[in-house]
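Pasting a structure here, questions to come.
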Amino acid sequence: MSTTRTLVPTRQPTRVRGAGPASAGVAEAGCAWPSESSNPPNGESSTRWTLVDLDRYEVRHGDAVVGYVDVVGPVFVALVGMRYDRATEVAQTLTFLTAIAVVAAVADD
């Protein structure tokens, strides 16, 4: 006698392996990849971010680079510094916008 099992996923994946960060928007939980165009609308803030690598965002305050956000699995790593190779890690968070806020706040100090 043989039995057949059918696997049924219990939840939807938050990210498909190999899909770039620009292919998904910010989820309600705040854990998903942000899109490239997620900057605040109508100039509400002078802090902007740009996708510069597959898993890296450059954070600018006005025209100056103030830091970076690396995406490492579900974690967003906030780094402060004008150059990526010299930037210092200041926080790890599960939400992208929190990582951006930390970079901007530490850079202002």
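Computation of the quantities below employed the complete heavy-atom set of this structure, encompassing side-chain atoms and omitting hydrogens, waters and symmetry-equivalent molecules. What you are looking at is a predicted structure, and each value in this text was computed from that prediction instead of being measured.
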| request: Report the C-alpha separation of Val106 and Val80 in whole Å, then their side-chain angles, then the decisive distance to 0.1 Å, and conclude whether the side-chain contact (heavy atoms from CB on, under 4.5 Å) test is met. | output: CA-CA 7 Å; Val106 172; Val80 174; 3.7 Å; yes

| query | What's the spacing between Thr95 OG1 and Phe76 CZ if we round to 0.5 Å? | reply | 7.5 Å

| task | Starting at CZ of Arg48, measure out to CD of Glu58 and round the result to the nearest 0.5 Å. | result |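 Reported value, rounded in 0.5 Å steps: 14.0 Å.
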
| field | Straight-line distance of Thr47 OG1 to Arg60 CZ, nearest 0.5 Å | value | 12.0 Å

| request: Not counting sequence neighbours, list each pair that qualifies as a side-chain hydrogen bond (donor to acceptor under 3.5 Å, both in side chains) and has a residue in residues 64-75. | output: Arg56-Asp70, Asp70-Tyr84

| message | Side-chain heavy atoms nearer than 4.5 Å, only ILVMFWY residues, links allowed to pass through others: does that put Val102 and Met82 together? | response | no

| Can you tell me how far the CD1 atom of Ile100 sits from the CH2 atom of Trp49, to the nearest 0.5 Å? | 5.5 Å

| said: Quick check: is Val75 connected to Leu79 through a chain of hydrophobic side chains (ILVMFWY, heavy atoms under 4.5 Å apart)? | reply: yes

| Any idea which heavy atoms bring Val103 and Ala78 closest together, and the distance? | CG2-CB, 3.6 Å

| query | For Ala107 and Val66, which heavy atoms make the closest approach, and how far apart are they? | reply |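 Scanning both residues, the minimum pair turns out to be CB-CB, 3.5 Å.
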
| task | Report, as yes or no, whether the 6.0 Å neighbourhood of atom CG on Asp63 holds more than 12 heavy atoms from other residues, nucleotides or ligands. | result | no

| said: Please enumerate all residues that pass salt bridge (charged side-chain N to carboxylate O under 4.0 Å, His left out) together with Arg83, with sequence neighbours excluded. | reply: Asp85

| task | Mind running side-chain contact (heavy atoms from CB on, under 4.5 Å) on Phe96 and Val69 for me, showing each step along the way? | result | CA-CA 8 Å; Phe96 178 75; Val69 173; 4.1 Å; yes

